[in-house]
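A short write-up of the structure that comes next.
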Amino acid sequence: MCGRYASSRRAEDLIDEFEVEESVLEAPLEPDYNVAPTKEVYAVLERPAKADRPQQRQLRALRWGLVPSWAKDPAIGNRMINARMETVAEKPSYRRAFAARRCLLPADGYFEWYPSEQLNAKGKPIKQPFFIHPADDGVLAMAGLYEIWRDPAVADGEPGQFRWTCTVITTEAEDSLGHIHNRMPLMVPVDRWSTWLDPEPHASEELLALLEPAAPGRLVAQPVSLLVNNVRNNGPELIAPLPAEA
C-alpha cells in the first residue's frame with residue numbers, strides 16, 4: 001500500500017522533466033513532505049485530441065483518492081487511494097480509468113511503517129516510519145489512474161462542477177523492501193511514459209507490461225522521524241534519515 005508520500009519538486013521542474021506541453025494549474029502546489037489521501041497532488045496526463053487542439057500532455061493538480069465517474073457519493077474516494085495491479089484491468093472501480101485515463105504521479109519517495117521492538121504505553125510495538133526513495137534521488141514516476149467526476153449539486157459552468165481525482169497502482173514489494181510492507185507503488189520507466197499516458201485504446205496486457213516494480217537496489221529505505229505520523233507536520237525534516245546509533 002502507498003498511503004503517504006513526499007512531493008517537493010517545483011511545477012516548472014516537473015514540466016521540464018516530463019516534457020509537459022501545457023500546465024493546467026490555478027496555482028503551483030506548495031512542496032509537500034507529508035502527502036496524505038484527499039490532498040491535491042501533481043499528475044502528468046495526456047488529454048485526447050479535440051477539434052481545436054491535438055492530443056496534449058498536461059500537468060494538473062488532482063485530489064488523491066479516485067472517485068469513479070458513476071459514483072453517487074464522492075466520499076468513496078477516501079478509500080480508493082490505491083489500485084492493485086492484479087485486478088486494476090477488471091475491477092469496476094478502476095477498469096474505465098485504466099483503459100483511457102492513465103497518469104504519472106511524481107514523487108520524491110513514499111513512506112511505509114514497520115513494527116519496531118519498542119513498545120508503547122499499551123504494550124504494543126511502536127511502528128517505525130521509513131522513507132523509501134530512489135537511490136539517486138531522482139523523481140519517482142508512480143503509475144496512476146485519474147477520473148473526472150461531475151458534481152450534480154453544482155450548476156453547469158460553476159467552479160467545482162468537475163472533480164479530478166487519482167489513485168496509485170501498487171504491486172507486491174520486491175524482496176529488499178517486502179520486509180517493511182508487502183505492497184509498493186508501481187513505476188513507469190521513462191521510455192514507456194508515452195505509451196502509458198496515451199489515451200488511445202491499448203490491450204490490457206500491453207499496458208500491464210509497461211509497469212514494473214523498482215529493480216532491486218534502485219530504491220533505498222531509511223528510517224525517519226515519527227513526526228510523519230501526524231499529517232499536520234510538514235517539512236524536509238520528515239524525510240531526513242535518522243542518525244545512526246552509536
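All figures in this text were calculated on a predicted structure; none of them were measured in a lab. Excluded from the calculations below are hydrogen atoms, water molecules and symmetry mates; all remaining heavy atoms, backbone and side chain alike, are included.
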[X] side, atom [atom1]; [Y] side, atom [atom2] - distance, nearest 0.5 Å:
| X | Y | atom1 | atom2 | result |
| --- | --- | --- | --- | --- |
| Ile126 | Gln118 | CD1 | CD | 5.0 Å |
| Leu186 | Glu172 | CG | CD | 11.0 Å |
| Ile81 | Arg4 | CD1 | CZ | 9.5 Å |
| Ser8 | Leu238 | OG | CG | 12.0 Å |
| Thr38 | Asn78 | OG1 | CG | 6.5 Å |
| His202 | Phe98 | NE2 | CZ | 10.5 Å |

Using ring-ring contact (aromatic ring centres under 6.0 Å, His included) as the criterion, list what pairs up with Phe18, not counting sequence neighbours. Trp193
Can you list, by chain and residue number, the hydrophobic cluster partners of Phe162 when the side-chain cut-off is 4.5 Å? Leu45, Leu62, Tyr146, Ile148, Trp164
Any sub-3.5 Å donor-acceptor pair from [X]'s side-chain atoms to [Y]'s backbone N or O?
| X | Y | value |
| --- | --- | --- |
| Thr171 | Met85 | no |
| Thr165 | Arg63 | no |
| Asn34 | Asn233 | yes |
| Tyr110 | Leu140 | no |

Does a side-chain heavy-atom distance below 4.5 Å link [X] with [Y]?
| X | Y | value |
| --- | --- | --- |
| Ile132 | Val220 | no |
| Leu145 | Leu66 | yes |
| Leu219 | Met184 | yes |
| Glu40 | Leu29 | yes |
| Leu226 | Pro129 | yes |
| Val41 | Cys166 | yes |
| Trp149 | Pro68 | no |
| Arg96 | Trp70 | yes |

Salt bridge (charged side-chain N to carboxylate O under 4.0 Å, His left out) filter on Arg163, not counting sequence neighbours, yields none
Among residues at least two apart in sequence or on other chains, which ones pass salt bridge (charged side-chain N to carboxylate O under 4.0 Å, His left out) with Arg102? none
Qualifying salt bridge (charged side-chain N to carboxylate O under 4.0 Å, His left out) pairs with a residue from [range], counting only residues at least two apart or across chains:
| range | result |
| --- | --- |
| residues 15-33 | Asp32-Lys39 |
| residues 186-196 | Arg192-Glu212 |
| residues 41-52 | Glu46-Arg57 |

Would you kindly confirm whether [X] and [Y] end up in one hydrophobic cluster when ILVMFWY residues are joined by side chain heavy atoms under 4.5 Å apart?
| X | Y | value |
| --- | --- | --- |
| Trp113 | Leu227 | yes |
| Leu59 | Leu105 | no |
| Val139 | Ile15 | yes |
| Val44 | Met187 | no |
| Val168 | Leu211 | no |

Flag if over 12 foreign heavy atoms under 6.0 Å of CD, Glu206: yes
Val188: which of Leu104, Thr195, Ile169, Leu197 passes side chain to side chain contact (heavy atoms under 4.5 Å, CB included): Leu104
Those residues that, when tested against Glu12, pass side-chain hydrogen bond (donor to acceptor under 3.5 Å, both in side chains) (two or more places apart): Arg10
Sorted by chain and residue number, the side-chain hydrogen bond (donor to acceptor under 3.5 Å, both in side chains) partners of Arg9 (sequence neighbours excluded) come out as Asp108
Please list all pairs meeting ring pair (Phe, Tyr, Trp, His ring centres under 6.0 Å) that have one or both residues in residues 35-68, counting only residues at least two apart or in different chains. Tyr5-Trp64
Determine, step by step, whether Phe130 and Tyr114 satisfy the side chain to side chain contact (heavy atoms under 4.5 Å, CB included) criterion, reporting the C-alpha distance in whole Å, the side-chain angles of both residues, the deciding distance to 0.1 Å, and the verdict. CA-CA 8 Å; Phe130 283 79; Tyr114 182 75; 3.9 Å; yes
By side chain to side chain contact (heavy atoms under 4.5 Å, CB included), Gln161 pairs with (sequence neighbours left out) Arg150, Val154, Asp156
Looking only at heavy atoms, what is the nearest atom pair of [X] and [Y], with distance?
| X | Y | value |
| --- | --- | --- |
| Pro74 | Val67 | O-CG2, 3.4 Å |
| Leu14 | Pro106 | CD2-CB, 3.8 Å |
| Val224 | Ala240 | CG1-O, 3.5 Å |

Check the angle between the aromatic planes of Phe131 and His133 and answer parallel, tilted or perpendicular using the 30° and 60° thresholds. parallel
For Met80 and Tyr94, run side chain to side chain contact (heavy atoms under 4.5 Å, CB included): C-alpha distance rounded to whole Å, both residues' side-chain angles, the deciding distance at 0.1 Å, then the answer. CA-CA 9 Å; Met80 295 179 64; Tyr94 303 115; 3.6 Å; yes
Could you list the donor-acceptor pairs under 3.5 angstrom formed between side-chain atoms of residues 86-93 and any protein atom two or more places apart in sequence or on another chain?
unit_1: Glu86; atom_1: OE1; unit_2: Arg183; atom_2: NH2; d: 3.0
unit_1: Glu86; atom_1: OE2; unit_2: Arg183; atom_2: NH1; d: 2.9

